[in-house]
**Student:** 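Structure in structure tokens, see below.
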Amino acid sequence: MKWPEEESDEDNYTGRYRQVADAVVARYLTAPWRQAAVASIRGLVEACLREANRNQELPRPPDAARLRDWLDRHALSDVVDALQQDDSESGLAMDGAMLAEAAGTLFCNRPTVLRWQLVGRIIGSGPVARMVLVDLVKRRISKRPSLRDDLRNIAHKIVHLMRDKPSSSAIRADRAAMSLIHHQWQAQPDLQEIWFGLRSLDTIMPVRGDWCIFDLLLAIDIGFATELIESLGDPYQPALILQNGAFNPHRRFDDWRVLVEAALPAFETDGAWNGRVLLPLLLLAAQEAIRSGVGYHNLTEDEIGHRDARLVDLAKHVAAAVWARSDGPAAALRWSGWLFRLILSQLNGEHLNFPDANSRARPAWLTVQELVRSSESSAWLNMRSADIAPEDELCLEAVRILAAQEHNQPVPGRELLLQMLPNQPEDFFGGESGRRMRELPTLFVLWGKNPDAFGTRVLAAALFDQSVAIAFADLWRRTLTLREIAEHGHAFDWYDGAYDDGVRQASETIQFIIALGINLVDYIQDVRQTVVFENQRATALALFSTLHDATREMLATDPLGRQHMELTHNHLTVRRLLYENGLHMENAVAAPLEETDYPTAGDLICERCEVSRSFFAGLQMMRVNGIPRERIASALESVGVQLDLLVGQAQRLNAIEHSRTIELTGFEVVSSIETG
């Protein structure tokens, strides 16, 4: 298995670079002059170490000119001739291999931090030097196992130096900022900081402070390496090690899989994060690697099918690696919740209601689906950790709902929906519980402008059963306090600092609840759903009746939410017309409605009947959804309103209004209509 970019790398510069590196190493290891050259160069390396000690500075490897001069003076001109065949600036030269073996031999003989710092600078120059060093250390450990403990002691000392002076992991100009974010992390570790991509580093130029010690440890002692990574004190150095090291889970799937297997547990059995950073960083790497597989838009159907099949296969392998861990269920839940949040954000940016084939959210959605398909995802239903931010709680509830549906378990979520509805205004405005209540639906409101947005549709399943109409009516009844806040917002301005946002959030929560109801109507009319109703048509009409009352009330009483409620009302009205027998364009309707069923389409339309851009935008939405002009006209006529009369008045208004005209395409009246 390979990451999408890893597959493409095989045929470009990256793949050829690795092939050349392997060839240079093979040529070096079989060179007849190798042992003599390394024995000689050890003297040069020792000279570099003495210079560093004498000058109280960090050791510096000899440059190419000094190395060649040394070899010439020690009668090794044949080695100089061999080195001239290589490009020493590319990291694919045998001079780095010789220096690595010479310095590595001295280090293995007597490990010290100073000697490793020289080795680290040598192997940091390219893959050839690193591969030769790894081979050397492995051979030495096989002969002297205690060398592994010596190496671990040196690694501990290097990491200790990094922790004591975190500012050293940045260029001089950024050292104060680097120290600040390190101490901020230690004061308050934040999982989202990792999954957002370590945004604190956006203005900082960090550097690796580990002297490449992890390039060796991850190759020969990965269990110890993962433990040591967790001791670094923040996720910033680990991220650099993973992104820029020789062991690169961002570029190679096999490296990612091995690290996922070795990483220490990062989540408790209830789903709580324990502060460890390696696994979250690896999940971020997987998320970014899979996302790279979307590629270009405007693919053919065959190309899309092939790409999706490849992404699904990749998602299966990623999910299997996560589930195989001891903390697999908890890690899968927390990551799925984050991916669901990412899906909502990306769909909102694309103005889409579903992660279809061309959506940027497609890879994340396919990954969530594979994580959910595991039978172990049923364990999510009982995981309720206390470290979830309020705005993320519904994202986790959404993936629990998906898991319950996948495995025919009772669907959760109803209780959490009720927790956002206060009994008293004081409950909504006061304290931490009030803050949580206000923030619970925020992401679904922010990224769910359309009532039938993807996230809202998933959450609506929490209410869908044989008693859905009763359940939603009860949910709406419990919004009474929020409705009072939305209507009489000025009466609550005595809540210190919470008034303005609180009234807006009350309005948005009401909009969210009504959107759930609209999705429930769609569920009832979906012929694929398996819930058996005593009277499906009556259930649909009961929902329409509650939603009609709800939208009518909020249009009249909620000034802050008026514009959004008009859009919601449009969606409700369109559905009332589409679900009439014979009017649905593509799919069958499970329980067709009659034109005369209450509330009728006319009852809904007339609530906003006026000559305005908003009202006619609703009529245009009906046309876009395939509802004929004649049916719209008959619906209005059933409540005593003449469509042609309204259109004629709009035409007259357009004649004198140039900047904010009413869109009348498809509704034009040829002859003038007398308005009396």
**Student:** Please report the interatomic distance CG(D63) to CG(L99), rounded to the nearest 0.5 Å.
**Tutor:**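 It is 10.0 Å, given to the nearest 0.5 Å.
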**Student:** Please, which pairs that meet salt bridge (Lys or Arg N to Asp or Glu O under 4.0 Å) have at least one residue in residues 203-219, sequence neighbours excluded?
**Tutor:**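 Checked against salt bridge (Lys or Arg N to Asp or Glu O under 4.0 Å) - neighbours excluded - the pairs reaching residues 203-219 are R208-D210, R208-D215.
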**Student:** Applying ring pair (Phe, Tyr, Trp, His ring centres under 6.0 Å), which residue pairs with at least one partner in residues 43-83 are found, sequence neighbours left out?
**Tutor:**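 Sorted result for residues 43-83: W70-H74.
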**Student:** Just one of L278, L198, L232, L228 clears the side-chain contact (heavy atoms from CB on, under 4.5 Å) bar with P238, so which one?
**Tutor:**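 Only match with P238 under side-chain contact (heavy atoms from CB on, under 4.5 Å): L232.
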**Student:** Please name all residues satisfying ring pair (Phe, Tyr, Trp, His ring centres under 6.0 Å) with W380, sequence neighbours left out, ordered by chain then number.
**Tutor:**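 Once residues adjacent in sequence are excluded, the partners of W380 under the ring pair (Phe, Tyr, Trp, His ring centres under 6.0 Å) criterion are W323.
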**Student:** Quick one: side-chain hydrogen bond (donor to acceptor under 3.5 Å, both in side chains) partners of R199, sequence neighbours excluded?
**Tutor:**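 Residues passing side-chain hydrogen bond (donor to acceptor under 3.5 Å, both in side chains) with R199: none at all.
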**Student:** Is a side-chain donor or acceptor of S40 paired with a backbone partner of A37 at a separation under 3.5 angstrom?
**Tutor:**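 The answer is no, because no donor-acceptor pair under 3.5 Å joins these two groups.
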**Student:** Kindly state each residue pair satisfying ring pair (Phe, Tyr, Trp, His ring centres under 6.0 Å) with at least one member in residues 205-248, sequence neighbours excluded.
**Tutor:**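 Qualifying pairs: H156-F224.
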**Student:** Ignoring hydrogens, what is the shortest heavy-atom contact between G337 and C395? Give both atom names and the distance.
**Tutor:**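 Closest heavy-atom pair between G337 and C395: O-CB, 3.6 Å.
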**Student:** Does the side chain of S169 pick up a donor-acceptor pair with the side chain of Q237 at under 3.5 Å?
**Tutor:**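 Short answer, yes.
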**Student:** Hey, are D164 and H160 close enough side-chain-wise for a donor-acceptor pair under 3.5 Å?
**Tutor:**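 Side-chain D/A pair, H160 to D164: present.
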**Student:** Go through the structure and list residues passing side-chain hydrogen bond (donor to acceptor under 3.5 Å, both in side chains) with R148, not counting sequence neighbours.
**Tutor:**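 side-chain hydrogen bond (donor to acceptor under 3.5 Å, both in side chains) list for R148, sorted by chain: empty.
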**Student:** Could you pull out all residues at least two apart from S377 that satisfy side-chain hydrogen bond (donor to acceptor under 3.5 Å, both in side chains)?
**Tutor:**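 S377 satisfies side-chain hydrogen bond (donor to acceptor under 3.5 Å, both in side chains) with H407 once adjacent residues are dropped.
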**Student:** Is it true that R130 and D135 have a side-chain N and a carboxylate O under 4.0 angstrom from each other?
**Tutor:**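 Not counted as a salt bridge, because no side-chain N and carboxylate O are separated by less than 4.0 Å.
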**Student:** Distance check, rounded to the nearest 0.5 Å: L136 atom CG versus K138 atom NZ?
**Tutor:**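 Going from the CG atom of L136 to the NZ atom of K138 covers 12.0 Å.
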**Student:** Could you name each residue pair satisfying salt bridge (Lys or Arg N to Asp or Glu O under 4.0 Å) that touches residues 101-124, not counting sequence neighbours?
**Tutor:**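 For residues 101-124, and leaving out neighbouring residues, the salt bridge (Lys or Arg N to Asp or Glu O under 4.0 Å) pairs sorted by first residue read R34-E101.
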**Student:** For the pair D69 and R73, find out whether any cationic side-chain nitrogen is under 4.0 Å from an anionic carboxylate oxygen.
**Tutor:**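 A salt bridge links D69 with R73.
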**Student:** If a pair satisfies salt bridge (Lys or Arg N to Asp or Glu O under 4.0 Å) and one of its residues is in residues 45-58, list it, with sequence neighbours excluded.
**Tutor:**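 Sorted pair list: E51-R66.
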**Student:** Salt bridge check: are R384 and E393 linked by an N-O gap of less than 4.0 Å?
**Tutor:**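 The answer is no: the pair does not qualify as a salt bridge.
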**Student:** For a 4.5 angstrom cut-off between non-hydrogen side-chain atoms, does W3 reach R251?
**Tutor:**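 No, their side chains stay 4.5 Å or more apart.
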**Student:** What pairs meet the side chain to side chain donor-acceptor pair (under 3.5 Å) rule with one or both residues in residues 221-230, with sequence neighbours excluded?
**Tutor:**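 Of all non-adjacent pairs touching residues 221-230, those that pass side chain to side chain donor-acceptor pair (under 3.5 Å) are R152-D221.
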**Student:** With sequence neighbours excluded, give me every salt bridge (Lys or Arg N to Asp or Glu O under 4.0 Å) pair touching residues 231-246.
**Tutor:**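 Sorted result for residues 231-246: empty, none.
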**Student:** Is D392 salt-bridged to R341, cutoff N-O under 4.0 Å?
**Tutor:**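 Yes.
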**Student:** Look at E7 together with R310 and state whether they make a salt bridge at an N to O cut-off of under 4.0 Å.
**Tutor:**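 Yes.
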**Student:** I'd like to check the side-chain hydrogen bond (donor to acceptor under 3.5 Å, both in side chains) partners of T300; sequence neighbours left out, ordered by chain and number.
**Tutor:**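 With sequence neighbours excluded, T300 shows a side-chain hydrogen bond (donor to acceptor under 3.5 Å, both in side chains) to E303, given in chain and number order.
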